[in-house]
Amino acid sequence: MTEARLTVNPHFAVGAIRRELFGGFVEHLGRHVYDGIYEPGHPSADAEGFRSDVIELTKELGVSTIRYPGGNFVSGFRWEDSVGPVSERPSRLDLAWHSTESNEVGLHEFHGWLEKVGSDLMMAVNLGTRGTLEALDLLEYSNVRGGTALSDRRVANGRSEPFNVRMWCLGNEMDGPWQLGHRSADDYGKIASQTAKGMRQIDPDIQLVVCGSSSAHMPTFGEWERVVLTHTYDDIDLISCHAYYEERGGDLGSFLASAVDMDGFIDTVVATADHVGAVRGSSKKIDISFDEWNVWYIDRFHAVDKITGIDNWPTAPRLLEDIYSVADAVVFGNLMISLLKHADRVASASLAQLVNVIAPIMTEPGGPAWRQTTFYPFSITSRLARGAALRLELDSPMYATEVYGNVPVVDGVATHDAESRQSALFLVNRSQDEALTLTVDITALGEVAVVETHTLADDDVYAKNTLQHRTRVAPKPNESVAVADGILTVTLPPVSWTAIALA
Ligand code: AHR
């Protein structure tokens, strides 16, 4: 058994954890909306056609803001199609996912669902096939109380109060050649700046997110951020990052170290944003909205799922329905650790996505809803991580990876809420064959008791929860945790994620 040591001290605060860090993402894609959150014929459907079993699981997951309606979908979306009497809404081609969008669920219905799950809306505007005017129209429709054509239209459509949407994304992944309306950094920076200025003229208090890179491995990464921020620095609040990870070619060691890539991605974007700020002599800081992150077997999507054909535009097809393993959940939990470690500059994040589509919640039409393995690290971290994120003084053995070189076997972060005096530790053991004993110096926390422990691990690191075996994988209490004389000890099984709450 190997050993590692770390120190937790509330004086090592990285930054306050903002609730927006635990956001989600609902895209009109596959069976996410239709046959996912919305299934009027389902036995658990409420009066509005939303599945109440999915509502309950979403609440348990603990998602704060939810980004909507895409994703790639938004770059072909006409928001006007999704409001007004449902019977009059047009069906449209969704070019991003080669599907048919019925518009049966639109802005009003989705906002109603958000009220049921207790989450806030983060809205994306279409800067792919549309432009500034349509973005301004949508903002007027959403946030202006009344007395204008578009705000009165919202009132006539049944919503007298403004939706009061606080966070807005200026397009989606505009650096990606797959994106409808993909632009150069220069062209996108100009339209994003112009749109942001106009939106602020309507509602100065909104938070605006400009598109950063679709991954840290895009050929334009770094330069994209520099050019886009040079155009938009004074107009926006946040720049986005997107990242998806998957195990490739049986290289589990590198996959388990995916958070190393996320750490570097965040650090590089922060450095680039600060560079642009320095050149401008600005004291303003641009924070990060990590508004798409997850494990996604994207290679499988391209090889198997992709829909084609002029006569083939299905409604709610099964797309991106990845079934997650224990190893996936460990990587996923580690990505959350990375976000928390950067709580000073990652102001907001959105798990992509929520139901059926690369999702922590799965459903079967007319059947059950269940938790994937990734559900657990999210729900537990969202519930326990409060106050400030703490930097750990970590002394860990290293291991060699194909992709990232030598990396620590253990990764982790702590949180501490000064008011309630509650702390939490989130840890991963990336070793594939060895359990690890961790010694944690918690003297600086004073007298503490262990209130909860959870470890996600399994003899079969590829074990999954499926329709047939919906509760095969779940975290278990970690009986090894002990505290004596200011020292906490815990055994972390191979390929595991652990949370420990102290009070
Ligand atoms: O989340 C799935 C897709 O991934 C989103 O639509 C897009 O923004 C990203 O490429």
Side-chain angles (χ1 to χ4, degrees), residues 23-34 36-37 63 65-77 93-99 101 110 122-129 167-183 188 192 209-221 224 228 238-246 258 262 265 288-307 316-322 324 328 332 335 348-362 372 374 378:
F25 174 31
V26 171
E27 176 164 9
H28 282 255
L29 193 183
R31 296 193 308 122
H32 198 161
V33 174
Y34 310 108
I37 66 173
V63 270
T65 41
I66 299 187
R67 185 166 172 255
Y68 178 83
N72 295 339
F73 171 80
V74 82
S75 292
F77 181 55
L93 297 181
D94 166 12
L95 302 191
W97 303 105
H98 207 92
S99 307
E101 171 56 51
F110 187 68
M122 178 190 204
M123 194 81 191
V125 300
N126 176 357
L127 289 187
T129 52
M167 292 189 82
W168 293 81
C169 301
L170 299 165
N172 176 69
E173 295 190 347
M174 299 307 298
D175 64 323
W178 59 86
Q179 199 69 217
L180 264 178
H182 160 62
R183 293 167 203 262
Y188 170 66
V209 185
V210 77
C211 289
S213 291
S214 308
S215 97
H217 307 283
M218 295 297 289
T220 49
F221 178 54
W224 174 273
V228 167
L238 303 132
I239 183 160
S240 71
C241 294
H242 291 181
Y244 294 99
Y245 299 95
E246 64 184 301
S258 298
M262 190 186 241
F265 191 177
I288 289 177
S289 167
F290 215 118
D291 48 43
E292 286 188 35
W293 67 268
N294 203 348
V295 172
W296 175 14
Y297 286 84
I298 193 165
D299 289 351
R300 193 158 61 210
F301 164 69
H302 288 294
V304 180
D305 273 358
K306 222 163 179 181
I307 302 167
R318 289 185 186 257
L319 280 178
L320 281 62
E321 299 205 3
D322 286 359
Y324 292 117
D328 294 328
F332 180 104
L335 298 178
S348 175
S350 312
L351 160 62
Q353 299 197 13
L354 210 56
V355 181
N356 289 331
V357 172
I358 44 173
I361 300 168
M362 294 301 291
Q372 291 235 50
T374 53
F378 193 99

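Both counts, for ligands and for their atoms, begin at 1 and track the order of listing. Here the structure is a predicted model, which is why all the values come from computation and not from measurement.
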Counting only heavy atoms and a distance below 4.0 Å, can you name the residues contacting ligand 1?
Phe25, Glu27, Gly71, Asn72, Trp97, Asn172, Glu173, Tyr244, Glu292, Trp296, Gln353, Ile358
I'd like to know whether Trp293 forms a ring-ring contact (aromatic ring centres under 6.0 Å, His included) with Phe332, so could you lay out the CA-CA distance, the side-chain angles of the two residues, the decisive distance to 0.1 Å, and finally the verdict.
CA-CA 9 Å; Trp293 67 268; Phe332 180 104; 4.8 Å; yes
Looking at Ser213, Ser240, Cys211, which hits side-chain contact (heavy atoms from CB on, under 4.5 Å) with Met174?
Cys211
In chain order, what residues pass the side chain to side chain contact (heavy atoms under 4.5 Å, CB included) check against Arg318, with sequence neighbours excluded?
Arg31, Glu321, Glu364, Pro365
For Glu173, check salt bridge (charged side-chain N to carboxylate O under 4.0 Å, His left out) against everything at least two apart and list the hits.
none
Could you pull out all residues at least two apart from Phe378 that satisfy ring pair (Phe, Tyr, Trp, His ring centres under 6.0 Å)?
none
Please tell me if the side chains of Leu29 and Phe73 come closer than 4.5 Å, counting only heavy atoms from C-beta onward.
no
